[in-house]
Amino acid sequence: MIRIRFTAEDFARVRFAARPAPVPELNAAFMMMLGGGDELLFGRWRRRVLRSLPDAVAPLADLVPAGDPPLFLDVLGETLTEGLDLVAGAPPKLVRSELERVYAGRPSPRWIRELHAGGADALRVLRRAQRAAFETVVAPVWPLVQDLHRAEFTRHALTVAEHGVGAALPALVPGTRLRDGVWEWAAPGVAHEREITLGGRGLVLLPTFHWTGRPLVQDLPDRPVVVTYAAGPGLPLTPGAAPGTDESLATVLGRTRLELLRALTDAHTTTTLARRLGISNATASAHASALRGAGLITTSRAGRAVEHRRTALGTLLVGAVA
């Protein structure tokens, strides 16, 4: 469980990031790329991105030897240059302690040891890798990220205006709750409960449109606490295809799987789905199995046949493209 404790003064210091932040969006994209979940929805995107990465990006993998990035990469900044400058200007003590944390018990590459020592060449390697990664992964969809951020900013502003900050925080992140001045949510996989006291530092809400997991919290001394939360469509962002459109969903699922999902306005057997889509029973069964594995449909036995139904998530996805 993660808990953030507010005083009345702290509520007055909650702010929504006015613009998307390039470096956190890049970090979120890399976390999704290196993760292994949601294969049906993100597998093609991961493989395409990995194939497209230039050699200059390789050092970034050295920063996450166990999948947990160092905290000095968590910066804001409204432009890429501003964000990269903030990374380069991170307190040396923080850089050293975080590299020691992520490399605990592991041998580190030479450039990481130089970064630990504050070497200027190592900082240039890091900056070049981050810039190349952003240009390859995030820049092609940055106009879309900006549009999504404006929409999310508007949604938050309307909720605050109508219901107040106390209602806006849980509304931003489903599954969280605010009671007695404590904003909290479950954090599966976190070994210990985490308690954060704002103490007048303020709270920044930052939506990200590549991440789909639980909220991420940055809590560094003498800085506002930053809560980065998933606000995207739950699909990879595709250049030239707005999320939530038939084109973007077909790119992720494949056209036949999308048509199968759309056909399940009512329950159907494998045979009726195959007949409706003009494919074989074996093909329909294979596609249904993939959709079931992604949590988009359920399958149950009905006599000698099996029936397929859309889940709430599947209905949400196709509802967005109806």
Side-chain angles (χ1 to χ4, degrees), residues 20 24-53 64 67 133 136-145 147-149 151-152 172-175 188-189 207-216 228-265 268 270 273 277 279 283-299 308-322:
E25 197 66 42
L26 173 63
N27 295 344
F30 260 70
M31 290 174 68
M32 288 302 298
M33 184 180 68
L34 296 175
D38 299 323
E39 172 63 21
L40 179 61
L41 298 180
F42 285 88
R44 294 183 184 183
W45 173 80
R46 287 191 182 101
R47 291 186 286 274
R48 176 178 60 79
V49 170
L50 285 169
R51 286 194 301 268
S52 68
L53 292 176
V64 286
T136 304
V137 181
V138 181
V141 296
W142 190 244
L144 181 54
V145 169
D147 288 344
L148 290 169
H149 187 97
E152 184 68 6
L172 279 180
V173 187
T208 177
F209 305 98
H210 282 85
W211 180 240
T212 62
R214 61 177 174 81
L216 306 173
T228 302
Y229 68 95
L235 301 170
L237 301 185
T238 304
T245 64
D246 187 272
E247 180 184 354
S248 66
L249 195 52
T251 299
V252 173
L253 295 179
R255 178 63 60 182
T256 303
R257 287 175 184 166
L258 174 58
E259 290 305 317
L260 189 154
L261 192 60
R262 290 174 68 97
L264 290 174
T265 50
H268 283 287
T270 303
L273 283 172
L277 299 177
I279 57 179
T283 300
S285 179
H287 286 319
S289 177
L291 293 171
R292 185 169 58 252
L296 301 180
I297 70 171
T298 61
T299 300
H308 308 286
R309 292 176 175 83
R310 279 201 310 240
T311 63
L313 175 59
T315 298
L316 179 65
L317 287 180
V318 296
V321 301

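The figures here come from the full heavy-atom set of this structure, side chains too, leaving out hydrogens, waters and symmetry mates. Numbers here are sequence positions counted from 1.
Considering every non-hydrogen atom in both Ala230 and Trp211, the closest pair reads CB-O, 3.0 Å. Closest approach of Val173 and Pro215 over heavy atoms only: CG1-CG, 3.4 Å. Of all non-hydrogen atoms in Leu260 and Ala284, the two that sit nearest each other are CD1-O, 3.9 Å. Contact between Trp45 and Ala29 at its shortest, heavy atoms only, is CH2-O, 3.4 Å. Minimum heavy-atom separation, Leu261 to Gly314: CD2-O, 4.2 Å. In terms of heavy-atom proximity, Pro20 sits nearest to Val145 at CB-CG1, 3.8 Å.
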Check your understanding: For Arg310 and Thr265, what are the C-alpha separation, side-chain angles and deciding distance, and is it a side-chain contact (heavy atoms from CB on, under 4.5 Å)?
Key -> CA-CA 7 Å; Arg310 279 201 310 240; Thr265 50; 4.2 Å; yes
**Study point:** Arg255/Leu258 under side-chain contact (heavy atoms from CB on, under 4.5 Å): CA gap, chis, key distance, verdict
**Key:** CA-CA 5 Å; Arg255 178 63 60 182; Leu258 174 58; 4.0 Å; yes
Exercise for review: Assess whether side-chain contact (heavy atoms from CB on, under 4.5 Å) is satisfied between Leu237 and Leu148, documenting all intermediate values.
Suggested key: CA-CA 11 Å; Leu237 301 185; Leu148 290 169; 4.1 Å; yes
Exercise for review: Might you work through the side-chain contact (heavy atoms from CB on, under 4.5 Å) test for Thr270 and Thr299, ending with a clear yes or no?
Suggested key: CA-CA 10 Å; Thr270 303; Thr299 300; over 6 Å; no
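Going from atom CG of Leu53 over to atom CZ of Arg48 covers 10.5 Å, rounded to the nearest 0.5 Å. Taking CZ from Arg51 and CZ from Arg46, the interatomic distance works out to 13.5 Å, rounded to the nearest 0.5 Å. Rounding to the nearest 0.5 Å gives a distance of 10.0 Å between OG1 of Thr311 and CG of Leu264. Separating the CG atom in Leu277 from the NE2 atom in His287 is a distance of 8.5 Å, to the nearest 0.5 Å. Atom NE2 of His308 and atom CG of Leu291 lie 9.5 Å apart (nearest 0.5 Å). To the nearest 0.5 angstrom, Asn27 atom CG is 11.5 Å from His210 atom NE2.
With sequence neighbours excluded, the residues forming a side-chain hydrogen bond (donor to acceptor under 3.5 Å, both in side chains) with Thr208 are Glu25, listed by chain and number. Residues meeting the ring-ring contact (aromatic ring centres under 6.0 Å, His included) test with His149, sequence neighbours left out: Phe16.
Looking at Phe42 and Thr212, their side chains come closer than 4.5 Å, going by heavy atoms from C-beta outward.
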